[in-house]
Amino acid sequence: MSESQKEESGYSDFIREAVAKDLKEGRYKEVHTRFPPEPNGWIHIGHAKAIYVDFEVAASFGGKCNLRFDDTNPEKEDMSYVEAIKRDVKWLGYDWEDREFYASDYYETLYELARKLIRKGLAYVDDLDEEQIKEYRGTNVPDKNNITYTPPGKNSPYRDRSVEENLDLFARMRAGEFPDGSKTLRAKIDMAHPNLLMRDPVMYRIRREPHYRTGTQWCIYPMYDFQHPLSDAIEGITHSLCSLEYEIHRPLYEWFVSNCEVFPSRQIEFARLNLTHTVLSKRWLIQLVREGMVSGWDDPRMPTIAGMRRRGYSPEAIRDFLGRIGIAKTDSMVDIQLLEHCIREDLNKKASRYMAVLNPVKLIIDNWSEDKIELLDAVNNPERPEAGSRKIPFSKVIYIESEDFREVPPPKYYRLFPGNQVRLRYGYVITCTGFEKDPETGRTIAVHAEYDPDTRGGDAKDNRKVKGTIHWVSAESAIPFEARLYDYLFEPERPMDVAPGHSFMENLSEHSLEVVPKAFGEPAIADVPVGETVQFERIGYFCKDPDSTRDSAVFNRTVGLRDTWAKIEKKNS
RNA sequence: UGGGACGUCGGCAAGCGGUAAGCCCCCGGGUUUUGGUCCCGGUAUUCGCAGGUUCGAAUCCUGCCGUCCCAGCCA
């Protein structure tokens, strides 16, 4: 949906509807959101949806969106992730201006707010260990095959310590007097609450782990539920948009807001993105990287922003996709074909056309003189005449795609076969006169044809119909390159649906990458810059990979062209 | 046998008491020097199910059923 349509149709999603209502009723005077990634991995298309929602909702109301690193777990976070996230958000087209924040910058304020809660008798230092906390919470009561959390929890014996003792203990926790895990600061809410998160949640834990930003300055770290609403408050966030799994955290979010008496941000939850044939969870992506199942975070098969960029996706196509899937509360699984449609649509308009042959077979034009080379005109982009044209050399021996020749044509095949006529794109109309086979393998090693001199450029002056047009590359000037043909990372639509005892790793596709070590391209491909996506006519879109060197190019297949012939052939078989 | 949410076409998703938008996929047909693009046409008598209210219900009420989330001192 375009911006103008959005305007016309009022607010197209429940979040904008709610925000508009808040503004109208005076609950907030402006809109201020935030994108709060944890710097513990590279961001993927699922985060892109959150970024899109956070930035675009704010923009719809003339508001701002902050970038805030939610870095309160020193064990997993580091600076390289911060840099990667910033680069990717920027690349997607979003600008947080000077509002780059870190939850770790709020540690001191957070600590003071925790003391405030202690003083109000709403927080206490607990000596229970991890196991005991779990036990006292009253969870883990199995029932048949289900699990029930019905039983109320029990109060910790340390729950009623005095304010003074709590203040003292908390200060000593900070000072490093107690070993890791020996004490926690807990909110005093209700151990019988039906919502488990409200059963005295942990606010601080002791962890002697250097933090990538604060170093060894702290040995106590705040937990998400305590830290997030307060970080939002510190930044004056009006709408704290997050995914559905935080719905159950909202009462806690509001408890901290009201008891700490801070700016009341409103948390609204929406469904996170799920995509077929891939996994969208940092935890699983990290596993793929660590176990070497992919070449890295930016492997073109990864649903990471960096992977998609390297694959050849454009930020425009990704944003278009994000706009089309909508924002709602229904758990959903979006067909990856919609993403592919978006990139094809974008690239169809933008990508320059070239000819390249992935699976070459020689075609010899017998009535063409031995050393004659002609330069022919080829249109750079039929969708954009202003993109101009280029010259491509034509000679006696050319390469064509082996699939474009059949000794015995299947029904409806209108490419090359003995006796048939076909047009060489931007070249001549030729007639197949024969072919040579390797006596040992039975494979076709060369095709013979004769050209019609009256068809230069591909136009048949008479009105004869030449149904087929095939691409080609002149052998004498062909530029060899490596093509990496990518396909879905996972075979099944839902890779996480695995039988008990099995891993999603078993669902990795065998043909997610097929390397063609020696494909041939027309001379002009040498000038394609790294990172640019082009179309190889009749094949698909390809992006020049950074692995390319001066004399050997690598092209990644972004996505193939729609292939109607493949469908017909499949139906006939 | 707890709590929180969600169920509209194969997949997303509008709809907000007045008689089921749109997009992707799929299937036909046309144009075409990419079997690409583009264009035209076809795809839910029905909204998880069952009742009820109403002149009128996907929209309101009641009850079922199904799916997801919550048992980190992760976020």
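Chain letters run A, B, ... following the sequence lines, proteins first and then strands; every chain starts at 1.
- If you measure from atom CD of Gln337(A) to atom C1' of G11(B), you get 9 Å, rounded to the nearest angstrom.
- Distances were taken from every side-chain heavy atom of Ser332(A) (C-beta onward) to each of A75(B), A13(B), G36(B); the shortest belongs to A13(B).
- Separating the P atom of G30(B) from that of U46(B) is a span of 34 Å, rounded to the nearest Å.
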Enumerate all atom pairs, one protein N or O and one N or O from nucleotides 27-29 of chain B, separated by less than 3.5 Å.
unit_1: G28(B); atom_1: OP1; unit_2: Lys571(A); atom_2: NZ; d: 3.0

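- Ranking G36(B), C24(B), G35(B) by closeness to the Tyr414(A) side chain, first place goes to G35(B).
- In this structure, CD of Glu340(A) is placed 10 Å from P of C25(B), rounded to the nearest angstrom.
- No close placement of the Tyr253(A) and His249(A) rings is indicated, their centers lying 6.0 Å or farther apart.
- Taking the O4'-C1'-N9-C4 or O4'-C1'-N1-C2 dihedral as appropriate, G10(B) has a value more than 90° from 0 and is therefore anti.
- The side chain of Arg137(A) contributes an N or O atom lying less than 4.0 Å from OP1 or OP2 of C73(B).
- When the nucleotides C74(B), A13(B), A71(B) are ranked by their closest atom to the side chain of Ala328(A), A13(B) comes out on top.
- Between C74(B) and Arg205(A), a contact under 4.0 Å exists linking OP1 or OP2 to a side-chain N or O.
- Proximity note for Lys76(A) (side chain, C-beta onward) versus C12(B), G35(B), C74(B): the nearest is C74(B).
- Distance from the side chain of Leu196(A) is smallest to C70(B) among C70(B), C74(B), G36(B).
- Among G35(B), A75(B), U34(B), the nucleotide with an atom closest to any side-chain atom of Pro382(A) is U34(B).
- The side chain of Val334(A) lies closest to C12(B) when the candidates are C12(B), G36(B), A75(B).
- Stacking of Trp565(A) onto the six-membered ring of G35(B) is present: less than 5.5 angstrom between centres, less than 30° between planes.
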Please test Val357(A) against Ile400(A) for side-chain contact (heavy atoms from CB on, under 4.5 Å), starting from the C-alpha separation and ending with a verdict. CA-CA 6 Å; Val357(A) 176; Ile400(A) 63 168; 5.7 Å; no
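- Each of Tyr221(A), Tyr124(A), Phe170(A) was evaluated against Tyr204(A); a single residue qualifies, Phe170(A), per the ring pair (Phe, Tyr, Trp, His ring centres under 6.0 Å) test.
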Provide a list of protein-nucleic acid N or O atom pairs under 3.5 angstrom, restricted to nucleotides 5-10 of chain B.
unit_1: A5(B); atom_1: O2'; unit_2: Glu247(A); atom_2: OE1; d: 3.3

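- Side-chain proximity of Met223(A) to A71(B), U37(B), G72(B): nearest is G72(B).
- Taking only side-chain atoms of Ile248(A), from C-beta outward, the nucleotide of G3(B), U37(B), C74(B) with the closest atom is G3(B).
- Salt-bridge check for Arg34(A) with Glu235(A): failed, with every basic side-chain N at 4.0 Å or more from each acidic carboxylate O.
- Across the strands present, U19(B) finds no partner; the criterion is a Watson-Crick or G-U wobble pair with both atom distances under 3.5 angstrom.
- Here C73(B) is the nucleotide among A75(B), C25(B), C73(B) with the atom lying nearest to any side-chain atom of Glu130(A).
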